[in-house]
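All values derive from a computational prediction rather than experimental measurement. In what follows, residues are counted from 1 in the order of the sequence shown. Each ligand, and each atom within it, is numbered from 1 in the order the structure gives.
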Amino acid sequence: MNANNSSASQSKFPEQIAITGIVPVVALDHADNAVPLAKALLAGGINFMEITFRTRAAAQAIANVSHEVPDMHVGAGTVLTMTQCVQALENGAQFIVAPGFSADIVRYCQENGIPVVPGCATPTEITECVRMGLSMVKFFPAKLYGGVSAIKALHAPFPDLKFLPTGGVNSDNMEEYLKLSCVSAVGGSWVCPKDLIEDGRFAEITALSREATDRIRARNA
Ligand code: 3PG
């Protein structure tokens with residue numbers, strides 16, 4: 001695990017993911033698919049990916065990408081326990097994402113200089129994150145909890161906070177989120193659906209990624 005300056009690393013993360021504007025949320029049944037998937041996303045212009053601990057293959061998948069695809073910034077998602085957090089970092093995860101807020105996970109990542117993005121849906125959870133010095137939270141599940149309108153409302157009391165909305169974000173609505181100044185990037189599984197991964201249809205994943213990144217780039221131009 002790389003222990004570098006925690007505040008620098010955490011504070012730069014929103015800017016880093018804003019360059020591409022999208023963080024795919026990946027669930028892999030087979031760790032062997034991790035490297036071809038990472039290469040397919042990269043070929044489509046996406047250089048961040050969140051491999052979730054929703055499957056047993058997560059740790060090995062993170063290790064495979066970390067060793068074999070150095071241009072991909074691989075992180076761990078759905079990190080619910082300290083055990084998963086430590087395992088993710090030991091296998092090369094460069095950032096940690098969670099569906100909810102856990103102070104022990106946030107503190108551990110801060111101590112080890114690892115960007116951490118806890119999931120929040122309420123002002124109370126966000127307040128805890130801000131009090132711990134975080135500059136970004138995952139707004140999850142974004143669509144169910146009010147989507148763009150909810151983020152606008154939350155932006156008022158937390159004007160310096162960046163959001164990573166995920167959950168129900170897709171090609172049809174990503175631009176509505178990305179036009180908010182407080183949204184650094186969107187997360188989601190639509191560029192890497194499980195069936196395409198399992199069927200080895202990586203060219204289609206590249207095409208979905210390219211479609212998303214081209215539109216984001218055109219919007220930023
Ligand atoms: C997440 O954990 O970020 C979500 O499960 C992704 O949601 P999606 O599958 O609706 O994109």
Can I get a per-line list of side-chain donor-acceptor pairs under 3.5 Å for residues 130-149, giving both atom names and the distance, sequence neighbours left out?
unit_1: K138; atom_1: NZ; unit_2: T166; atom_2: OG1; d: 3.3

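- Pairing each heavy atom of C109 with each of V116, the nearest pair is CB-CB, 3.7 Å.
- Scanning both residues, A98 and V79, for their nearest heavy atoms gives CB-O, 3.3 Å.
- For the pair V35 and N64, the tightest heavy-atom approach, listed with the atom from each and the gap, is CG2-O, 3.6 Å.
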Ignoring hydrogens and angles, write down the donor-acceptor pairs under 3.5 Å from the side chains of residues 38-58, residues two or more places apart or on other chains.
unit_1: N47; atom_1: OD1; unit_2: T20; atom_2: OG1; d: 3.1
unit_1: T52; atom_1: OG1; unit_2: V26; atom_2: O; d: 2.7
unit_1: R54; atom_1: NE; unit_2: T78; atom_2: OG1; d: 2.8
unit_1: R54; atom_1: NH2; unit_2: T78; atom_2: OG1; d: 3.3
unit_1: T55; atom_1: OG1; unit_2: L28; atom_2: O; d: 2.5
unit_1: T55; atom_1: OG1; unit_2: A57; atom_2: N; d: 3.4

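- The contact shell of ligand 1, taken as protein residues with any non-hydrogen atom closer than 4.0 angstrom, comprises V25, R54, K138, F140, T166, G167, G168, G188, S189.
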Kindly list each side-chain donor-acceptor pair under 3.5 angstrom involving residues 117-124, sequence neighbours excluded, with atom names and distances?
unit_1: T122; atom_1: OG1; unit_2: E125; atom_2: N; d: 3.2
unit_1: T122; atom_1: OG1; unit_2: E125; atom_2: OE1; d: 3.2

